Amino acid sequence: MATERTLSIIKPDATSRNLTGKINAKFEEAGLRIIAQKRIKLTKAQAGTFYEVHKERPFYDELCDFMASGPVVVQVLEGEGAIAKNREVMGATNPAEAAPGTIRAEFAESVGENSVHGSDAPETAAVEISYFFAGIELVG
Ligand code: GDP
């Protein structure tokens with residue numbers, strides 16, 4: 001399997017509960033390398049652009065408000081099959097359906113406030129990484 005890079009976001013519900021280190025430990029234990037990371041606060045407009053693909057969904061406004069409600073940690077994870085591996089470590093969108101031991105099973109509060117984001121395909125990973133990071137900031 002090829003080495004891939006994926007965009008991860010530790011969401012406001014997790015940063016507010018001081019869970020950045022515990023979540024990063026899950027990534028590293030799974031063999032994912034954090035090759036770039038920064039803590040930022042998104043505006044609602046920035047969150048809206050990032051989640052533009054969900055614009056027509058009923059929860060879009062709530063999602064953008066939530067993502068702008070506190071600091072997030074944006075990061076690039078690298079590893080063999082990193083996109084699928086990260087989705088596995090994250091667990092299902094709804095924490096009630098997330099497998100035991102996954103980040104969302106352990107930490108997420110609800111289907112909306114679910115602690116982490118992860119890219120879902122190589123094309124979206126490339127777009128999402130370039131939304132937050134310049135190439136010079138990625139140190140593999
Ligand atoms: P993901 O790829 O597992 O993050 O899931 P999706 O791409 O389907 O949804 C993106 C994000 O929108 C999720 O991670 C949630 O934060 C949010 N979301 C999804 N479904 C719902 C919902 O029914 N209600 C609310 N409030 N937020 C949702």
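The first residue of the sequence shown is numbered 1, and numbering continues consecutively from there. It should be emphasised that the depicted structure is a prediction, and the values quoted were computed from it without experimental measurement. Whatever order the structure lists ligands and atoms in, that order sets their numbers, starting from 1.
When only non-hydrogen protein atoms are considered, atom 1 (P) of ligand 1 lies nearest to Thr93 OG1, 3.6 Å. Nearest protein heavy-atom contact of atom 26 (N) of ligand 1 is Glu62 OE2, 3.1 Å. Nearest protein heavy-atom neighbour of atom 4 (O) of ligand 1: Arg104 NH2, 3.1 Å. Considering only non-hydrogen protein atoms, atom 2 (O) of ligand 1 sits nearest to Arg87 NH1, 2.9 Å. Scanning the protein heavy atoms around atom 8 (O) of ligand 1, the nearest turns out to be Arg57 NH2, 3.8 Å.
Remark: side-chain polar atoms of Arg39 are not paired, donor with acceptor, to backbone N or O of Pro71 under 3.5 angstrom. In this structure a side-chain-to-backbone donor-acceptor pair under 3.5 Å is present from Gln46 to Thr43. Looking only at distances, no side-chain donor or acceptor of Arg87 sits under 3.5 Å from a matching main-chain atom of Ile83.
Not a single heavy atom of His117 lies less than 4.0 angstrom from ligand 1. Assignment of Asp120 to the shell around ligand 1 is not supported, since no heavy atom sits closer than 4.0 Å. Using a 4.0 Å cutoff on heavy atoms, Glu113 does not count as a contact of ligand 1. Ligand 1 is approached by Lys11 to a heavy-atom distance shorter than 4.0 Å.
Between the side chains of Thr3 and Glu78, no donor N or O sits under 3.5 Å from an acceptor N or O.
Contact check for Ile10 versus Asn24: side-chain heavy atoms found under the 4.5 Å cut-off. Side chains of Gln37 and Val73 form a contact here, defined as non-hydrogen atoms less than 4.5 Å apart.
Both tests pass for Lys38 against the ring of Phe133: distance under 6.0 Å to the centre and angle within 45° of the axis.
Residue Asn114 holds the heavy atom nearest to atom 13 (C) of ligand 1 of all those in Thr124, Val116, Asn114. For atom 18 (N) of ligand 1, the nearest non-hydrogen atom from the set Phe59, Tyr51, Phe66 belongs to Phe59. Checking Ser115, Gly112, Gly91, Gly118 against atom 27 (N) of ligand 1, the nearest heavy atom belongs to Gly112.
The proximity of Met67 to ligand 1, defined as any non-hydrogen pair under 4.0 Å, does not occur for either the backbone or the side chain. With a heavy-atom cut-off of 4.0 Å, Val111 touches ligand 1 through backbone and side chain alike. With a heavy-atom cut-off of 4.0 Å, His54 touches ligand 1 through its side chain alone.
Atom NZ of Lys41 sits in a crowded spot, with more than 12 heavy atoms from other residues, nucleotides or ligands closer than 6.0 Å. Open room surrounds NZ on Lys55; 12 or fewer heavy atoms of other groups in view lie less than 6.0 Å from it.
Aromatic ring orientation, Phe132 versus Phe50: tilted (interplanar angle from 30° to 60°).
Which parts of ligand 1 touch Leu63 is read off a 4.0 Å heavy-atom cut-off, strictly below it: atoms 12 (O), 16 (O), 17 (C).
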